[in-house]
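Structure, as structure tokens:
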Amino acid sequence: MEILIPEERIRQRIPELARKIARDYEGQPVTIIGVLTGSLMFVADLVRHLDLSLQIGFIKAKSYRGETTEAGTLDFSADLLPAVEGRHVLLLDDILDSGQTLSCLCECLKERGVASLRTGVLLRKIGRQRIPCEPDYIGFEIPDAFVVGYGLDYNDEFRHLPYIAVLSEKSPLLRRAPQG
Ligand code: 5GP
Ligand code: MG
């Protein structure tokens, strides 16, 4: 496993993103919706730098990947989602790959009548977006590789790592793994 983004760089970047978010939402109450499970560290670290009137909720999404790492069907559950009607919502995910997860969840939130909707991702894979979806906040742009750590998993492992690391694309372990 090769470290792509060390802990220290994440620790520096999070408050920078928070400052931008705090400026954009100044004087407005915000609902942050994290996409479980991958966004858990990102949300937890970011909100502690936000001096805003803030509510936090989560939505559960899982995109199944088959033989390749291409995005498959998206399964999501809004059981944990708080009332978002009339709220200024900031949707946060760990990583933007094809764009399927974020665009699907944006549609779901819009249907619920949010007052406004912005999106943020810790990581964005360069050259992978198939569904047009431009996040308002991006932590880091990364090359097209399968990454784990800081919330991101492989088979529910490695989420606890305090850094982002690359798991080799060639690894046979990557086959048939659901990513959440
Ligand atoms: P998208 O729907 O944009 O194709 O993919 C986004 C979701 O797929 C993310 O929420 C994440 O769960 C998963 N994903 C995409 N790329 C990676 C990756 O490199 N590593 C891990 N662990 N998950 C990924
Ligand atoms: Mg995810």
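Counting starts at 1 for both ligands and their atoms, following the listed order. Values below: every heavy atom of this structure, side chains too, minus hydrogens, waters and symmetry copies.
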So the atoms of ligand 1 within less than 4.0 Å of a heavy atom of S98 turn out to be 1 (P), 2 (O), 3 (O), 4 (O)
Same apolar cluster (I L V M F W Y, side chains within < 4.5 Å links), I131/L105: no
Stepwise, does the side-chain hydrogen bond (donor to acceptor under 3.5 Å, both in side chains) test hold for K125 with S98? CA-CA 9 Å; K125 279 192 198 172; S98 71; over 6 Å; no
Return the minimal non-hydrogen interatomic distance between V121 and I95, and the atom names on each side. CG1-C, 4.3 Å
Which of the atoms in ligand 1, numbered in the order shown and given with their element, are less than 4.0 Å from a heavy-atom of A145? 19 (O)
Output, in order, the C-alpha distance, side-chain angles, deciding distance and verdict of side chain to side chain contact (heavy atoms under 4.5 Å, CB included) for D24 and Y137. CA-CA 11 Å; D24 292 350; Y137 309 100; 2.6 Å; yes
I'd like the name of whichever of L74, V147, D97 reaches closest to atom 21 (C) of ligand 1 through any heavy atom. V147
Pair E85 + R112: basic N to acidic O under 4.0 Å: no
What part of D93, side chain from CB on, backbone N/CA/C/O, both or neither, has a heavy atom under 4.0 Å from ligand 1? side chain
Please list, in number order, the atoms of ligand 1 under 4.0 Å from a heavy atom of K125. 16 (N), 17 (C), 18 (C), 19 (O)
Under 4.0 Å from ligand 1, counting heavy atoms only, is it the side chain of D94, its backbone, both or neither? side chain
To the nearest 0.5 Å, atom CG of L81 lies from atom SG of C108 at 6.5 Å
Counting from 1, what ligand 1 atoms have a heavy atom of D153 closer than 4.0 Å? 21 (C), 22 (N)
Short list, please: which atoms of ligand 1 are under 4.0 Å from a heavy atom of G99? 1 (P), 3 (O), 4 (O)
Using a 3.5 Å cut-off on N or O atoms only, is L102 in polar contact with ligand 1? no
Would you indicate whether E8, at its atom CD, is surrounded by more than 12 heavy atoms from other residues, nucleotides or ligands within a distance under 6.0 Å? yes
